[in-house]
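Data block below; observations after.
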Amino acid sequence: MSTVERLLKATEEIWAGYHEKPFVRGLGDGTLDVKKFRRYIIQDYWYLMDYTKVFAVGVAKSKSVEVMKLFAKYIQAILDGEVNVHNGYMADFGITQEELDHTPIAQDNRSYTSYMLSVAYRGGEAEVLTAIFSCAYSYEVIARQIVAERPDAPDHPLYGRWVRGYITERYTGNNVILKNMLEQLTADYTEAQLRELEEIFTACSRYEASFWDMAWEQRV
Ligand SMILES: Cc1ncc(CN)c(N)n1
């Protein structure tokens with residue numbers, strides 16, 4: 001079994017649960033309360049700012065130019081790609097920089113990014129990639145499932161943009177690059193090292209689940 005297959009197998013139940021989250025279901029069928037989505041966009045904007053810093057620590061931890069370029073490319077892909085979806089929604093919702101700056105970061109959000117950053121600071125290249133991978137790939141899996149269940153979801157006037165954002169060639173192509181690099185870096189990993197990756201990946205997958213619950217319940 002490859003490293004990524006092993007990580008996904010270990011977290012199968014958590015990942016299956018994403019599709020049942022009320023927030024995710026509401027995004028897919030268009031019934032999600034706009035107020036909840038507005039709040040989620042602000043929280044996720046701040047999430048992405050710290051998530052980008054995890055890649056920056058990855059740059060510092062890189063042992064080769066190849067890995068350094070991968071982390072650096074992703075920083076660009078978030079700040080000039082994924083965040084554009086958020087910027088578009090924020091413009092539509094009239095969210096100003098002042099409102100962004102004055103919105104407290106929810107506890108689940110802060111815990112998640114603090115955990116990823118702590119893994120990045122203490123681990124090596126593969127540990128950083130593992131912390132990142134559940135975030136990067138789960139959104140693709142969720143968006144694909146939404147489209148599989150509702151082929152018209154990408155055309156929804158409000159939530160379609162979110163769905164489309166996570167199935168673009170750029171987004172999914174970058175996930176393939178992340179996955180291949182993770183396999184390459186862990187080809188000679190021992191059982192103990194792989195178990196540690198499993199622990200990191202499981203924790204991050206649980207944080208993903210909590211993030212959806214936080215958004216749905218509007219937890220602070
Ligand atoms: C919480 C969270 N997890 C994942 C993603 C997808 N990069 C995101 N934008 N936000």
Side-chain angles (χ1 to χ4, degrees), residues 7-8 11 14-15 17-19 21-24 26-28 32 36-56 58 70-71 73-90 95 100 103-117 119-120 128-147 159-179 182 200-220:
L7 298 178
L8 291 172
T11 53
I14 305 170
W15 281 55
Y18 297 151
H19 308 299
K21 294 287 177 199
F23 193 97
V24 171
L27 261 181
L32 180 65
K36 287 188 183 184
F37 185 68
R38 185 185 193 280
R39 186 178 176 277
Y40 160 82
I41 287 294
I42 296 178
Q43 289 299 323
D44 205 51
Y45 173 85
W46 286 122
Y47 169 87
L48 287 176
M49 293 303 111
D50 276 347
Y51 176 63
T52 306
K53 292 178 191 169
V54 179
F55 287 87
L70 178 151
F71 283 122
K73 184 178 163 205
Y74 231 98
I75 292 175
Q76 203 64 29
I78 300 165
L79 298 179
D80 284 337
E82 188 172 356
V83 168
N84 286 341
V85 173
H86 295 61
N87 287 336
Y89 281 122
M90 290 195 291
I95 297 168
L100 268 183
T103 303
I105 295 173
Q107 191 80 347
D108 296 280
N109 190 357
R110 200 187 292 282
S111 302
Y112 186 6
T113 53
S114 301
Y115 175 74
M116 283 196 293
L117 281 165
V119 167
V128 181
L129 272 183
T130 301
I132 285 163
F133 193 64
S134 78
C135 163
Y137 187 50
S138 69
Y139 269 40
E140 176 186 335
V141 169
I142 288 168
R144 283 192 194 281
Q145 179 70 24
I146 286 175
V147 177
Y159 302 128
R161 205 186 312 161
W162 187 94
V163 175
R164 291 195 302 275
Y166 291 106
I167 52 173
T168 59
E169 248 171 64
R170 185 182 189 191
Y171 191 83
T172 60
N174 278 337
N175 281 342
V176 174
I177 293 168
L178 274 187
K179 177 181 171 293
L182 189 50
I200 294 167
F201 194 72
T202 303
C204 289
S205 299
R206 289 207 180 103
Y207 275 121
E208 283 294 328
S210 306
F211 204 96
W212 291 122
D213 292 336
M214 173 275 288
W216 178 253
E217 294 165 19
Q218 307 194 65
R219 292 203 292 251
V220 290

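Both counts, for ligands and for their atoms, begin at 1 and track the order of listing. Note that the numbering runs from 1 along the sequence shown for the chain. Side-chain atoms are counted along with the backbone in the values below, which use heavy atoms only and exclude waters and symmetry mates.
- Each of the atoms 9 (N) of ligand 1 lies under 4.0 Å from some heavy atom of Leu48.
- Tyr171 places a side-chain N or O within donor-acceptor distance of the main-chain N or O of Ala136, the cut-off being under 3.5 Å.
- Taking the ring axis of Trp216 as reference, the NZ or CZ atom of Lys21 does not stay both within 45° of it and closer than 6.0 Å to the ring centre.
- Below 4.0 Å from some heavy atom of Tyr171 lie the following atoms of ligand 1, by number and element: 6 (C), 7 (N).
- Remark: minimum distance from atom 3 (N) of ligand 1 to any protein heavy atom is reached at Glu208 OE2, 2.8 Å.
- Scanning the protein heavy atoms around atom 1 (C) of ligand 1, the nearest turns out to be Asp44 OD1, 3.5 Å.
- Numbered from 1 in the order shown, with element, the atoms of ligand 1 that lie under 4.0 Å from a heavy atom of Phe211 read 1 (C).
- With Tyr89 as the aromatic partner, Arg38 does not meet the cation-pi criteria of under 6.0 angstrom to the ring centre and within 45 degrees of the ring axis.
- Note that OG1 of Thr113 and CH2 of Trp46 are 12.0 Å apart. Values are rounded to the nearest 0.5 Å.
- Judged by the shortest distance from any of its heavy atoms, Tyr207 lies outside the 4.0 Å radius around the atoms of ligand 1.
- At least one side-chain heavy atom of Tyr45 sits less than 4.5 Å from a side-chain heavy atom of Leu100.
- Trp212 has its ring centre less than 6.0 Å from the ring centre of Tyr139.
- Ligand 1 has no N or O atom lying under 3.5 Å from any N or O atom of His86, backbone or side chain.
- When hydrogens are left out, the protein atom nearest atom 7 (N) of ligand 1 is Glu82 OE2, 2.9 Å; that is the closest non-hydrogen contact.
- Comparing Ser134, Ala215, Cys135 by heavy-atom distance to atom 4 (C) of ligand 1, the nearest is Cys135.
- Aromatic pair Tyr18/Trp15: centroids less than 6.0 angstrom apart.
- Using a 4.0 Å cut-off between heavy atoms, Asn109 makes no contact with ligand 1 at all.
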